[in-house]
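A short write-up of the structure that comes next.
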Amino acid sequence: MSPFCLAVLSALSVNGGVDTSLPLVPLPDMGLSATSSSSERRIHWPEALQPLATLEGPAVLAANVVLQHVLAGFPRRDVGTCEYSARALDVVVGQEGGLYFVRIDRRPDRCGWAVGVSLEFDWFELYAVSPDGRILERYPSMP
């Protein structure tokens with residue numbers, strides 16, 4: 001198993017907001033996702049995430065759990081640098097079908113990079129989160 005996968009598993013075992021009672025299964029080129037084998041809930045991913053105008057408590061909880069999960073997945077050697085901190089991230093929360101959808105976008109321009117520069121091609125993270133703050137699934141691939 002790669003050092004990255006071990007780091008992710010280590011971060012997940014601390015909880016990181018992920019329901020660790022669910023088995024972890026590999027996704028092609030996208031790391032690990034928590035899925036339920038007993039109740040195969042199919043996530044209907046929104047075509048375009050419509051941000052909520054007001055964040056009520058469960059939406060804030062969903063945003064926090066995903067932000068902490070993404071930060072825990074960054075390489076340890078880069079922890080503390082601006083590019084790998086909450087300062088360089090945008091959090092967008094939408095709600096659809098009783099679930100919260102949380103998208104994390106990288107913003108390296110907040111760390112002195114030129115506006116429009118991206119560290120990776122179209123980098124983002126998108127998660128489906130239950131109203132009680134459990135990450136249900138990570139979007140399986142970039143569009």
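All values derive from a computational prediction rather than experimental measurement. Values below: every heavy atom of this structure, side chains too, minus hydrogens, waters and symmetry copies.
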Test the Arg76-Tyr84 pair against the cation-pi criterion, namely NZ or CZ under 6.0 angstrom from the six-membered ring centroid and within 45° of the ring axis.
no
Between Arg106 and Leu89, is there a side-chain heavy-atom distance shorter than 4.5 Å?
yes
Could you list the donor-acceptor pairs under 3.5 angstrom formed between side-chain atoms of residues 46-55 and any protein atom two or more places apart in sequence or on another chain?
none

Of all heavy-atom pairs between Leu67 and Ala86, which one has the smallest distance, and what is that distance?
CD2-CB, 4.4 Å
Determine the minimum heavy-atom distance between Tyr127 and His69, stating which atoms define it.
OH-CD2, 3.2 Å
Residues pairing under salt bridge (Lys or Arg N to Asp or Glu O under 4.0 Å) where one sits in residues 94-104, two or more places apart or in two chains, turn out to be Arg103-Asp105
For the student: nearest non-hydrogen atoms of Pro58 and Pro131, plus distance:
CB-O, 3.5 Å
Does a side-chain heavy-atom distance below 4.5 Å link Asp90 with Arg110?
yes
Any pair with a residue in residues 70-113 that passes disulfide (SG to SG under 2.5 Å), sequence neighbours left out, goes on the list, sorted by first then second residue, please.
Cys82-Cys111
Please name all residues satisfying side-chain hydrogen bond (donor to acceptor under 3.5 Å, both in side chains) with Arg87, sequence neighbours left out, ordered by chain then number.
none
Linked, directly or transitively: Leu61 and Val92 (ILVMFWY side chains, under 4.5 Å)
no
Using the rule that Ile, Leu, Val, Met, Phe, Trp and Tyr join whenever any side-chain heavy atoms are under 4.5 Å apart, tell me whether Leu71 and Val60 fall into a single cluster.
yes
Could you check if a side-chain atom of Ile135 sits within less than 4.5 angstrom of a side-chain atom of Val65, using non-hydrogen atoms only?
yes
I need the minimum non-hydrogen distance between Ala63 and Val91, along with the two atoms involved.
CB-CG1, 3.7 Å
Check ring-ring contact (aromatic ring centres under 6.0 Å, His included) between Tyr100 and all other residues, then give those that pass, not counting sequence neighbours.
none
Is the ring pair Tyr139/Phe124 parallel, tilted or perpendicular, if the boundaries are 30 and 60 degrees?
tilted
